[in-house]
Amino acid sequence: MKTVPSSTSDATGRSHVLVHAVSRASGKRMAAPMQLYCWKGDYGLPSVDIDCLTVLAYAKFAGAPLKVHKLTNPWRSPTGILPTLQTRGEGSVSQPSKIIIHLRKQKYNADYDLSAKEGADTLAFVSLLEEKLLPALIYTLWIDSKNYVDVTRRWYAENVPFPLNFVLPNRMHAQRLGRLQLVREDPALEPGEQLEQELYQEALECMTLLSQRLGSQKFFFGDSPSALDAYVFGHLAPLLKIKLPNRKLQQYLSSLENLQFFCTNILALYFPSEIQAAPVHTAPTQADGGDMDHEPHKRWNQVMSVLFAMGAMLGYAILTGIITIKSAHPHLQESRHDDVDEEGEEED
Amino acid sequence: MSLAAEAFVSQIAAAEPWPQNATLYQPLREDQILLSDCASSLAVQAYLRMCGLPVRVCCRANAEYMSPSGKVPFIHVGNQVVSELGPIVQFTKAKGHSLSDGLDDVQRAEMKAYMELVNNMLLTAELYIQWCDDTTASEITRQRYSSPYSWPLNHILAYQKQWEVRRKMNAIGWAGKGLEQVYEDVSQCCQALSQRLGTQPFFFNKQPTELDALVFGHLFTILTTRLTTDELSERIKSCSNLLSFCRRIEQTYFEEDKDSQSAGSQYSRGPSLF
């Protein structure tokens, strides 16, 4: 299926980014590098999806040479879901934890220098992230009505190729809502004030705990980044960079400066190209303003379509005789009166 | 519980001291209770004993339905009913009893993180093994779960619960894991706990905290429960400091039950670790 370029100025169907870093396994023959399929990036991020960000960050930390395919169509990946790592002969691996395990097996290990206790802490803090922070993130990006309609659904509808863009955003939304319902064990869960409060409270607690654990260090375990840094970055960076109308969770994050600095530091060090290529997205604060900025031709299109419709109706009316046009010449005033009389008689 | 309700409960809780007739409800010990429920119940009992709060254990067949959140165990204190370890810890904190006051911020962050690890990995693994592994589900779990009920209700309830748990496993991505992978995850979790514990008596050195109670509840139950295979308990036994940790807590907090052991013994579910 051919990918159709979308209307925004810098969206391309695919871009290949070859990541060459110092390979730890220098003796290996680099026959075909491993290929990573992930969601396209935007807002100054290498990818808009949390799992993809985690995997990309870990790959950079570990120095793994990956050929990264940035996609907007999950069906193009080998397993149908993103992120997916296509290995050199062992098939495809798709969840972030499994991908990281595979990279470690291939000797690209960012946790090499960690002590056993730090490895244990990594497991514990990743569990904390998944249980406390992730539900709130999913809620704020996908379930909160304003954010979903104005930002998330719009981004996916614009970037995913036709005709999948009519189907995919709603399906992803339903999937995430269903998952939240199952995890909270409440089949009738609906987005609302109370649920939002509970989720955001837990998320705030989690972010505060992370902030306390990070302290003033550059990374969670000393001077070089590890898997935990990748996970935290993957979860917090979208919150930092994507401008949402309902900003409560983002405000919580902005009160924790060391976490903010942590994310921007990683972006600057490991993903400098994304920052330069970041387009300026105007946050759609008002629906009308947003529309006008996004589609300057909308008003023109509206006017033209109304004129066209009126012209078509008029033409039809004339052709079928509902309306007749009489040519009015000044020197034929008397005969015109006669014509009118005649017509009046004819009509009778 | 919503935040407003929580604040309200805390206020009421703070008003009265801990009564003598506090009761903890769990499913029937001999015939009905499952591994995961027993672990949660033991964790709560251990926590209350560590706080020095007396509680009476009462076994009811419909404990799950009596509970306000649908989960066991739950405690009935005064005129309030609180279920699950997290809310119970907050409840006792409102009454002025807390084990984690002496921790600094970083330690508290670690404690919360490790508690999530246990919930995320150990509890989920227990649920998986009970309900998603066909052998265990058919031989042990379904029969135990529905033992108080007569036909056809026992079949209906058992299959309903199994379907519910399987859907949840699907949602969190555990459905695709095989049994071997689940055992691996349990091993990993135990090693992480073992690393964190090290040679200390408790996770945060001298004083026990709710993390110790939670870990004890789960590990002790797994070690003393007979399943279709011994794989799970073997994995835990491979970490010797966890084994001695469980023994130590059993000796310290559940010692008096050994002396007065009778047919109606309060907690012991089966063989002990002595």
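Every chain is numbered from 1, with letters handed out A, B, ... down the list of sequences.
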Let me know if Q188(B) has heavy atoms under 4.5 Å from chain A in its side chain, its backbone, both or neither.
both
Any chance you could measure M111(B), atom CE, to L128(A), atom CG, to the nearest 0.5 Å?
11.0 Å
For the atom pair CD (E205(A)) and CZ (R108(B)), what is the distance rounded to the nearest 0.5 Å?
10.0 Å
Atom group of Q175(A) that falls short of 4.5 Å from chain B, counting heavy atoms:
neither
For Q195(B) and K117(A) the tightest heavy-atom approach is OE1-N, 4.1 Å
Among the options A116(A), C206(A), S127(A), S115(A), pick out the one with the most heavy-atom pairs lying under 4.5 Å from chain B.
S127(A)
By residue number, those in residues 116-132 of chain B with heavy atoms under 4.5 Å from heavy atoms of chain A are E116(B), L117(B), N120(B), M121(B)
Measure across V106(B) and Q212(A) and return the closest heavy-atom pair with its distance rounded to 0.1 Å.
CG2-O, 3.7 Å
More than 12 heavy atoms of other groups within 6.0 Å of D104(B) CG
yes
Would you please go through residues 118-125 of chain A and name the residues with a non-hydrogen atom below 4.5 Å from one of chain B, in numerical order?
A120(A), D121(A), L123(A), A124(A), F125(A)
Step through the shown structure and confirm whether more than 12 heavy atoms of other residues, nucleotides or ligands are within 6.0 Å of CD on E257(A).
no
Q181(A), part contacting chain B, at a heavy-atom distance under 4.5 Å
neither
Interatomic spacing from CZ in R167(B) to CG in L182(A) - rounded to 0.5 Å:
4.5 Å
